[in-house]
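Down below is the structure, laid out as structure tokens.
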There are 2 protein chains.
Amino acid sequence: MVEREISEFEMIAGTRAVLGLLDGKWTVEVLYLLASGKRRYSEIYYEVGEISKKMLTRTLRQLELHGLVQRTVYPEVPPRVEYALTQRGWSITGPLMGMYEWAAEHLDDAPEQLAA
Amino acid sequence: MVEREISEFEMIAGTRAVLGLLDGKWTVEVLYLLASGKRRYSEIYYEVGEISKKMLTRTLRQLELHGLVQRTVYPEVPPRVEYALTQRGWSITGPLMGMYEWAAEHLDDAPEQLAA
DNA sequence: CTGTATCCAGTAGGATACTG
DNA sequence: CAGTATCCTACTGGATACAG
């Protein structure tokens, strides 16, 4: 591990990459849900309020593409598909918690609450 | 400070609130820029690559609305307007750094890079 | 059960021109 | 200098119906 200067450009690029991974209306909710245990497609569908199948599929495929979620298909009839966090997926709950903690500390004394 | 249970709902809401504060194509870049010192409108305009005035104004107004940036108008001719991070704005560089550090650790061994 | 396929509305963001 | 105003395109996400 070599010490070196970190450019502002790298800070921006890295930060934006993470925000890109978390992008999408349902992404965070699905990640937190899977952080409490792996689920089948329909379990996620019913546990996440109001999401459509289209968006659920899109969200899960993005997470899989980015290596945060592992998709496992069991070749049965009817089909069974399980989704679980990867190690990478687990690791990103760190920054996620960081954001929650900031919110818990700084959101109540706020001019504008971005109401839940 | 009372210990209590934190619901998954609160985690999601808090996290999404922070992501909401950071939302927008140019938000992070402007925050990092102001973290290196306050600037005038035109200074930000020229230091941030390729942003339009419309988006710069919109981004700054959002940040001001959310209490992350302080806007100060000096009633001179020609007008001078300075933007600086608030204490709240400074504090959010914490989560921002958290995301950068995650990216520095986990982005290179990735299946998909979200290329800078 | 686990998805696709279509259609649609709303919005983010870019390009350009104009103003106190 | 520090913005507005207007027009335009592309993409996100919702609703609904269909399929292996």
Q) Picking from C:dG13, C:dG3, D:dG3, which would you name as closest to the side chain of A:Lys53? A)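 In terms of side-chain proximity for A:Lys53, the closest of C:dG13, C:dG3, D:dG3 is C:dG3.
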
Q. Looking at C:dG13, D:dC1, C:dT2, which one has an atom nearest to any side-chain atom of A:Tyr41?
A.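 Selected nucleotide (nearest to the side chain): C:dT2.
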
Rounded to whole angstrom units, what separation is found between the [atom1] atom of [X] and the [atom2] atom of [N]?
{"X": "B:Leu56", "N": "C:dG13", "atom1": "CG", "atom2": "P", "value": "13 Å"}
{"X": "A:Lys25", "N": "C:dA12", "atom1": "NZ", "atom2": "C1'", "value": "16 Å"}
{"X": "A:Glu64", "N": "C:dT2", "atom1": "CD", "atom2": "P", "value": "15 Å"}
{"X": "B:Glu29", "N": "C:dG13", "atom1": "CD", "atom2": "C1'", "value": "15 Å"}
{"X": "A:Arg39", "N": "C:dC1", "atom1": "CZ", "atom2": "C1'", "value": "17 Å"}
{"X": "A:Arg58", "N": "D:dA15", "atom1": "CZ", "atom2": "P", "value": "14 Å"}
{"X": "A:Glu76", "N": "C:dG3", "atom1": "CD", "atom2": "P", "value": "13 Å"}
{"X": "A:Leu19", "N": "C:dA12", "atom1": "CG", "atom2": "C1'", "value": "16 Å"}

Short side-chain N/O contact to [N] OP1/OP2 from [X], under 4.0 Å:
{"X": "B:Ser42", "N": "D:dA2", "answer": "yes"}
{"X": "A:Arg61", "N": "C:dT2", "answer": "no"}
{"X": "B:Arg40", "N": "D:dA2", "answer": "yes"}
{"X": "B:Tyr83", "N": "D:dG3", "answer": "yes"}
{"X": "B:Arg80", "N": "D:dA2", "answer": "no"}
{"X": "A:Ser52", "N": "D:dA15", "answer": "no"}

Q: With the side chain counted from C-beta on, respond yes when B:Tyr83 and B:Val30 share a heavy-atom pair under 4.5 Å apart, and no when they do not.
A: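 Contact flag for B:Tyr83/B:Val30 side chains = no.
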
Q) Tell me, do A:Gln70 and A:Glu82 make a side-chain contact under 4.5 Å, heavy atoms counted? A)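 A side-chain contact under 4.5 Å is absent here.
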
Donor-acceptor check, side chain of [X] to backbone of [Y], threshold 3.5 angstrom: yes or no?
{"X": "A:Glu29", "Y": "A:Trp26", "value": "no"}
{"X": "A:Tyr32", "Y": "B:Phe9", "value": "no"}
{"X": "B:Ser36", "Y": "B:Leu33", "value": "yes"}

